[in-house]
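Report on the structure given below.
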Amino acid sequence: MSPPPGGGGAGTTDPTATPAGEYGATEVAETAYVSRETPTREEDDPPLAMEAMRAVQILNPSGEVTMPRPERTRVMCVANQKGGVGKTTTTVNLAVALALHGNRVLVIDLDPQGNASTGLNVPHHTGVPDVYDCLIDSVPLAEVAQGVEGIPNLWCVPATIDLAGAEIELVSVVARESRLARAIAAYPGHFDYVFIDCPPSLGLLTVNALVAAQEVLIPIQCEYYALEGLNQLINNINLVRQHLNPSLDVSTILLTMYDRRTRLADAVEQDVRNHFGDKVLQAVIPRNVRVSEAPSYGQSVMTYDPGSRGATSYFEAAQEIAERGVKESR
């Protein structure tokens with residue numbers, strides 16, 4: 001007798017068939033894996049009402065919400081010789097967040113790529129007076145600084161491609177390491193914060209920034225390679241402190257590009273916090289597509305999408321920096 005259609009005999013197995021139990025288990029396992037690694041829509045995007053509240057808090061249209069203002073100007077150099085760790089993004093967004101909340105802020109773009117100028121929508125094509133003129137020709141910063149459109153308390157000293165040759169030209173200039181420090185000291189107006197966006201190198205431009213600054217802010221990407229060059233950066237900062245700027249201090253560490261789905265990000269965060277202690281901000285900047293999109297519109301993420309996770313994180317970081325500065329000055 002032939003077996004019934006669609007099935008084998010009692011002890012017969014079809015080698016090409018997948019047992020229903022196994023298939024179901026595999027499918028469930030895969031589903032669980034995906035859902036664990038990929039955040040759901042609700043997790044990634046806060047509810048609309050919450051997002052709107054955050055946007056109003058960050059944009060501060062009434063001007064009622066203010067961040068504490070320091071008693072003296074805080075000159076902060078944003079440095080890390082590794083590229084792509086978020087130096088420029090951090091500089092631009094912290095500056096905008098502080099300026100939107102009652103602080104007078106100056107951003108000095110010291111990177112020949114001019115990305116900070118792009119992010120603040122400040123003209124920086126060839127022929128525009130820029131930081132190169134200040135360093136090489138001693139043009140006053142006040143003649144070079146441009147107001148940032150739409151943000152009353154924010155100014156930017158742009159960088160053009162001319163700055164690419166400044167490293168070589170500075171070699172023969174008298175007091176080459178302190179040119180930027182003198183330019184900032186001679187500025188007639190008062191700023192609460194001066195942020196200096198450094199190039200991804202440890203050359204003369206970065207040395208100028210370290211000599212001009214009182215504080216160093218180091219953005220650290222939450223990946224292993226980001227930790228490798230950190231010792232060299234700290235060594236260079238110590239050399240500058242010993243020989244050129246005794247008051248220089250690594251005051252702030254900011255963790256950037258944090259991916260909550262990976263164990264590596266957690267491991268890097270723990271290593272950094274164990275090593276640097278209280279210098280590490282509690283606020284952590286996540287990987288967020290809005291942060292990456294904003295510069296293509298000539299904006300910071302604070303104005304491009306103020307309700308996004310990226311904007312909220314930078315707002316919290318700026319608030320923490322402002323509050324720490326007031327505590328330390330007491």
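Predicted model only: the values in this text are computed from it and were never measured.
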For this session: Check whether any side-chain heavy atom of Ile218 sits under 4.5 Å from a side-chain heavy atom of Ile234, and report yes or no.
Result: yes
Exercise. Roughly how far, to the nearest 0.5 Å, is the CG atom of Asn288 from the OG atom of Ser308?
Worked result: 5.0 Å
Problem set entry | Polar side-chain atom of Asn236 near backbone of Leu233 as donor-acceptor pair, under 3.5 Å | no
Problem set entry | Non-hydrogen side-chain atoms of Thr91 and Val107 separated by less than 4.5 Å | yes
Seminar exercise, completed: Rounding to 0.5 Å, atoms SG (Cys198) and CD1 (Ile196) come to a distance of 6.5 Å
Problem set entry | Pair Tyr258, Asp266: side-chain N/O donor-acceptor within cut-off below 3.5 Å | yes
Problem set entry | Linked, directly or transitively: Val301 and Val56 (ILVMFWY side chains, under 4.5 Å) | no
Exercise. Within the distance-only criterion (no hydrogens, no angle test), does the side chain of Asp137 pair as donor or acceptor with the backbone N or O of Asp133 below 3.5 angstrom?
Worked result: no
For this session: Please round to the nearest 0.5 Å and tell me the distance separating atom CD of Glu320 and atom CG of Leu94.
Result: 11.0 Å
Exercise. Is any side-chain heavy atom of Pro200 closer than 4.5 Å to a side-chain heavy atom of Gln81?
Worked result: no
Seminar exercise, completed: In terms of heavy-atom contacts, Lys279 and Asp249 come closest through NZ-OD1, 3.6 Å
Exercise. Does any N or O in the side chain of Gln214 come within less than 3.5 Å of the main-chain N or O of Leu248, such that one atom is a donor and the other an acceptor?
Worked result: no
Problem set entry | Asp197 side chain to Ile108 backbone, donor-acceptor under 3.5 Å | no
For this session: Find out whether Asn103 and Pro70 are in side-chain contact, i.e. whether some heavy atom of one side chain is under 4.5 Å from a heavy atom of the other.
Result: yes
For this session: State yes or no: do Val216 and Val78 share one hydrophobic cluster built from I, L, V, M, F, W and Y residues joined by side-chain heavy-atom distances below 4.5 Å, directly or via other members?
Result: no
Exercise. Are Val75 and Glu215 close enough, and set up right, to give a side-chain contact (heavy atoms from CB on, under 4.5 Å), and what steps lead you there?
Worked result: CA-CA 6 Å; Val75 183; Glu215 304 176 48; over 6 Å; no
For this session: Return the minimal non-hydrogen interatomic distance between Pro199 and Leu205, and the atom names on each side.
Result: CG-CB, 4.0 Å
Exercise. Counting distance only, does the side-chain N/O of Asn80 pair as donor-acceptor with the main-chain N or O of Lys82 below 3.5 Å?
Worked result: yes
Problem set entry | Considering all heavy atoms, the nearest Val284-Pro286 contact | O-CD, 3.4 Å
For this session: Would you kindly confirm whether Leu230 and Val268 end up in one hydrophobic cluster when ILVMFWY residues are joined by side chain heavy atoms under 4.5 Å apart?
Result: yes
For this session: Any chance you could lay out the side chain to side chain donor-acceptor pair (under 3.5 Å) test for Thr160 and His125, step after step, and finish with the verdict?
Result: CA-CA 6 Å; Thr160 68; His125 52 80; over 6 Å; no
For this session: Let me see the working for Thr90 and Tyr314 under side chain to side chain donor-acceptor pair (under 3.5 Å), right down to the final yes or no.
Result: CA-CA 8 Å; Thr90 296; Tyr314 271 116; 3.1 Å; yes
Exercise. Between the side chains of Ser117 and Asn115, does any donor sit under 3.5 Å from an acceptor?
Worked result: no
For this session: Could you tell me whether the side chain of Asp162 and the main chain of Thr126 form a donor-acceptor pair under 3.5 Å?
Result: no
For this session: Run the numbers on Asp278 and Arg273 for salt bridge (charged side-chain N to carboxylate O under 4.0 Å, His left out), then give the verdict.
Result: CA-CA 8 Å; Asp278 293 341; Arg273 290 193 186 281; over 6 Å; no
Exercise. Below 4.5 Å, heavy atoms only, C-beta onward: do Leu255 and Leu281 meet side chain to side chain?
Worked result: no
Exercise. Do Ile285 and Leu254 pass the side-chain contact (heavy atoms from CB on, under 4.5 Å) test, and can you show the C-alpha distance, the side-chain angles, and the key distance before you say yes or no?
Worked result: CA-CA 8 Å; Ile285 311 303; Leu254 178 63; 3.9 Å; yes
Exercise. Looking at CD of Glu169 and CG of Leu204, how far apart are the two atoms once the value is rounded to the nearest 0.5 Å?
Worked result: 12.0 Å
Exercise. What pairs of residues pass the ring pair (Phe, Tyr, Trp, His ring centres under 6.0 Å) test when at least one of them lies in residues 133-178, not counting sequence neighbours?
Worked result: Trp155-Phe191
For this session: Please answer whether the main-chain N or O of Ile321 pairs with a side-chain N or O of Arg74 as donor and acceptor at a distance below 3.5 Å.
Result: yes
Exercise. Is there any ring pair (Phe, Tyr, Trp, His ring centres under 6.0 Å) pair reaching into residues 47-81, and which pairs are they, with sequence neighbours excluded?
Worked result: none
For this session: Of all the heavy-atom pairs spanning Val157 and Val131, show the shortest one and how long it is.
Result: CG1-CB, 3.7 Å
Problem set entry | Side-chain donor or acceptor of Thr256 paired with backbone N/O of Val85 under 3.5 Å | yes
Exercise. Take atom CZ in Arg176; do more than 12 heavy atoms of anything else shown fall under 6.0 Å from it?
Worked result: yes
Problem set entry | Pairs involving residues 53-77, ordered by first then second residue, that meet ring pair (Phe, Tyr, Trp, His ring centres under 6.0 Å) (sequence neighbours left out) | none
Per-pair distances, 0.1 Å, donor-acceptor, side chain in residues 138-154, under 3.5 Å, sequence neighbours excluded:
from, atom 1, to, atom 2, distance (Å)
Ser138, OG, Arg179, NH2, 2.9
Gln146, NE2, Pro123, O, 3.3
Asn153, ND2, Ala99, O, 3.4

Exercise. Leu100 and Leu106: same hydrophobic cluster, using ILVMFWY side-chain contacts below 4.5 Å?
Worked result: no
Exercise. Does the side chain of Asp192 come within less than 4.5 Å of Thr73's, by heavy atoms?
Worked result: no
Exercise. Where do Leu180 and Asn208 come nearest, in terms of heavy atoms and distance?
Worked result: N-OD1, 3.1 Å
Exercise. Okay, side chain of Ser178, backbone of Ala181: is any donor-acceptor separation there less than 3.5 Å?
Worked result: no
Exercise. Considering residues at least two apart in sequence or located in another chain, which fulfil the salt bridge (Lys or Arg N to Asp or Glu O under 4.0 Å) criterion with Arg104?
Worked result: none
Exercise. Would Val122 end up clustered with Leu135 when hydrophobic side chains under 4.5 Å apart are linked, directly or stepwise?
Worked result: no
Seminar exercise, completed: So OH of Tyr132 and CG of Leu110: to nearest 0.5 Å the spacing works out to 13.5 Å
Problem set entry | Nearest heavy-atom neighbours spanning Met67 and Ala322 | CB-CB, 4.1 Å
For this session: Taking only Lys NZ, Arg NE, NH1 and NH2, and the carboxylate oxygens of Asp or Glu, determine whether Arg287 and Glu223 approach each other closer than 4.0 Å.
Result: yes
Exercise. Would you say Glu167 and Ser201 make side-chain contact, with heavy atoms under 4.5 Å?
Worked result: yes
For this session: Could you check Thr88 against Asp109 for side-chain contact (heavy atoms from CB on, under 4.5 Å), going step by step and ending with a plain yes or no?
Result: CA-CA 9 Å; Thr88 300; Asp109 191 352; over 6 Å; no
For this session: Taking side chain to side chain donor-acceptor pair (under 3.5 Å) as the test, write out the residues that go with Asp305, two or more places apart.
Result: Arg290
Exercise. Hey, what do you get for SG (Cys156) to CZ (Phe195), rounding to the nearest 0.5 Å?
Worked result: 13.0 Å
Exercise. Checking side-chain contact (heavy atoms from CB on, under 4.5 Å) for the pair Arg182/Ile184: CA distance, chi angles, key distance, verdict?
Worked result: CA-CA 5 Å; Arg182 292 183 181 189; Ile184 293 172; over 6 Å; no
